[in-house]
Amino acid sequence: MDEIEVENNVYLTRYGAAYLEDISAVAVSDVHLGYEDVLAMNGIFIPRVQSDIIYRLVDEIIEKYEPEKFIIDGDLKHEFSHNTPQEWRDVFELLERISKKSKPVVVKGNHDNFVANIASKLKVQVYDIYREGRYTFHHGHKSFSWEGIAIIGNEHPAVGLRDSVDSVIKLPCFLYFKKERLLVLPALSIFAGGSDILKNEISSPVLKKMNLDEGRVYALWDAYGTIDLGRVGDLL
């Protein structure tokens, strides 16, 4: 399926973005632009392909949903301590592309210590926490409070599915806690392997306060789109 509606006007899409129809916005998280540069600084060289893939994906999201706002919910870039040359190029290019058809909103993640230096060149504001309508956007690397629906990233949730011959496929996923009204976004980065929630590999202080078994898993599979796999507790 292209998207699944989990609450009125809240759609989880096959692109890894949440579409929030009532505020005309899409939200993604954990883009981690500049990842290849950081590896290169440590002597590991891989093709610099991620930015072009992200650009095309963002273009698809904007073309399909025509959002007034495009919210990046933390970790737009990868390097903690400074902005690498690749991050300057790729982050600027992404925000500029979004700006042509939507309004970019950047929420600061734990990797984004210096992202405001880049965003300011395009007059894009960076928020520690962003609220609009019934939604609160925070990266999720620290505890925070909310009313209505909270949307976080940080965790890179994924689910490992095992078949009868013990083969495993690991799929990125949305994780939704209906009672607490907390939505966890998958990582948009192609290099984010994901934390297998079935192994209780949880790092976010926000998620550690949840009953993980009650979270509902919406996996992303290229061949099938967004798939409702049910509660975490039922998959164990």
Side-chain angles (χ1 to χ4, degrees), residues 1-3 12-19 26-65 70-80 83-98 104 106-107 109-112 115 118 139-141 151-161 168-175 183-197 199 201 203-204 217-227 229:
M1 300 178 66
D2 277 354
E3 64 265 324
L12 309 183
T13 79
R14 69 182 302 145
Y15 307 101
Y19 172 49
V26 293
V28 301
S29 187
D30 295 287
V31 188
H32 290 279
L33 291 175
Y35 183 84
E36 303 97 324
D37 235 12
V38 175
L39 287 185
M41 288 188 294
N42 290 282
I44 302 170
F45 300 94
I46 61 174
R48 297 184 178 183
V49 298
Q50 175 171 242
S51 55
D52 285 338
I53 293 171
I54 295 294
Y55 298 157
R56 290 195 296 270
L57 180 59
V58 166
D59 287 345
E60 284 185 59
I61 293 169
I62 291 175
E63 181 178 354
K64 181 170 180 62
Y65 296 103
F70 197 106
I71 300 166
I72 301 171
D73 200 15
D75 286 358
L76 172 54
K77 61 186 287 293
H78 189 68
E79 171 58 33
F80 290 95
N83 294 323
T84 70
Q86 184 187 10
E87 287 174 340
W88 272 102
R89 292 191 303 271
D90 292 356
V91 170
F92 188 93
E93 169 70 13
L94 180 61
L95 294 179
E96 187 176 48
R97 290 170 78 102
I98 293 171
V106 178
V107 177
N110 52 309
H111 285 253
D112 292 326
V115 75
I118 308 173
H139 186 54
H141 58 300
I151 299 178
I152 67 171
N154 185 60
E155 194 61 43
H156 305 186
V159 57
L161 303 180
V168 178
I169 183 170
K170 194 174 185 181
L171 302 173
C173 66
F174 295 92
L175 190 58
L183 174 63
V184 187
L185 300 172
L188 209 65
S189 170
I190 65 171
F191 297 119
S195 301
D196 190 341
I197 56 176
K199 295 181 178 179
E201 298 174 352
S203 61
S204 170
V217 178
Y218 297 89
L220 302 177
W221 198 337
D222 288 342
Y224 304 106
T226 310
I227 310 168
L229 294 180

With Asp112, the side-chain contact (heavy atoms from CB on, under 4.5 Å) member among Val91, Ile72, Leu76 | Leu76
Which pair of heavy atoms, one from Ser204 and one from Asn154, lies closest together, and at what distance?
-> CB-ND2, 3.5 Å
Taking all heavy atoms of Ala40 and all of Arg48, pick out the closest pair and write down the distance.
-> CB-NH2, 4.2 Å
Arg14/Lys64 under side-chain contact (heavy atoms from CB on, under 4.5 Å): CA gap, chis, key distance, verdict | CA-CA 12 Å; Arg14 69 182 302 145; Lys64 181 170 180 62; over 6 Å; no
Stepwise, does the salt bridge (charged side-chain N to carboxylate O under 4.0 Å, His left out) test hold for Glu60 with Arg56?
-> CA-CA 6 Å; Glu60 284 185 59; Arg56 290 195 296 270; over 6 Å; no
Interatomic distance, Asp2 atom CG to Leu12 atom CG [nearest 0.5 angstrom] | 12.5 Å
Lys199 atom NZ, neighbour heavy-atom count above 12 within 6.0 Å | no
Heavy-atom pair with the smallest gap, counting every atom of Glu155 and Ser195 = O-OG, 3.1 Å
Working to the nearest 0.5 Å, report the span between CD1 of Ile118 and CG of Asp90.
-> 9.0 Å
Rounded to the nearest 0.5 angstrom, the CG-NZ distance for Asn83 and Lys77 is 4.5 Å
Do side-chain atoms of Glu36 reach the backbone of Val49 as a donor and acceptor pair under 3.5 angstrom?
-> yes
How far does CD1 of Ile54 sit from CG of Asp59, to the nearest 0.5 angstrom?
-> 11.0 Å
Can you name the nearest heavy-atom pair linking Ile190 to Ile53, along with the distance?
-> CD1-CD1, 3.8 Å
Heavy-atom closest contact (Gly74 atom, Ser29 atom, distance) | O-OG, 3.7 Å
Below 4.5 Å, heavy atoms only, C-beta onward: do Asp73 and Ile151 meet side chain to side chain?
-> yes
Straight-line distance of Thr84 OG1 to Tyr35 OH, nearest 0.5 Å | 13.5 Å
Expected output: side-chain His78 to main-chain His32 donor-acceptor under 3.5 Å | no
Given the rule in the side chain to side chain donor-acceptor pair (under 3.5 Å) test, do Asp30 and His156 qualify, once you have shown the distances and angles that lead to the verdict?
-> CA-CA 7 Å; Asp30 295 287; His156 305 186; 3.1 Å; yes
Which one of Ile227, Ile197, Leu229 satisfies the side-chain contact (heavy atoms from CB on, under 4.5 Å) criterion with Cys173?
-> Ile197
Where do Val28 and Val26 land on the side-chain contact (heavy atoms from CB on, under 4.5 Å) test, with the steps shown first?
-> CA-CA 7 Å; Val28 301; Val26 293; 5.6 Å; no
Closest heavy-atom contact between Ile152 and His139?
-> CB-O, 3.7 Å
Determine, stepwise, if the pair Leu39 / Phe191 fulfils side-chain contact (heavy atoms from CB on, under 4.5 Å).
-> CA-CA 11 Å; Leu39 287 185; Phe191 297 119; over 6 Å; no
What do you reckon, is OH of Tyr224 surrounded by more than 12 foreign heavy atoms closer than 6.0 Å?
-> no
Step by step, would you call Val184 with Phe174 a side-chain contact (heavy atoms from CB on, under 4.5 Å)?
-> CA-CA 6 Å; Val184 187; Phe174 295 92; over 6 Å; no
Between CZ on residue Phe80 and CG on residue Asn110, distance to nearest 0.5 Å | 5.5 Å
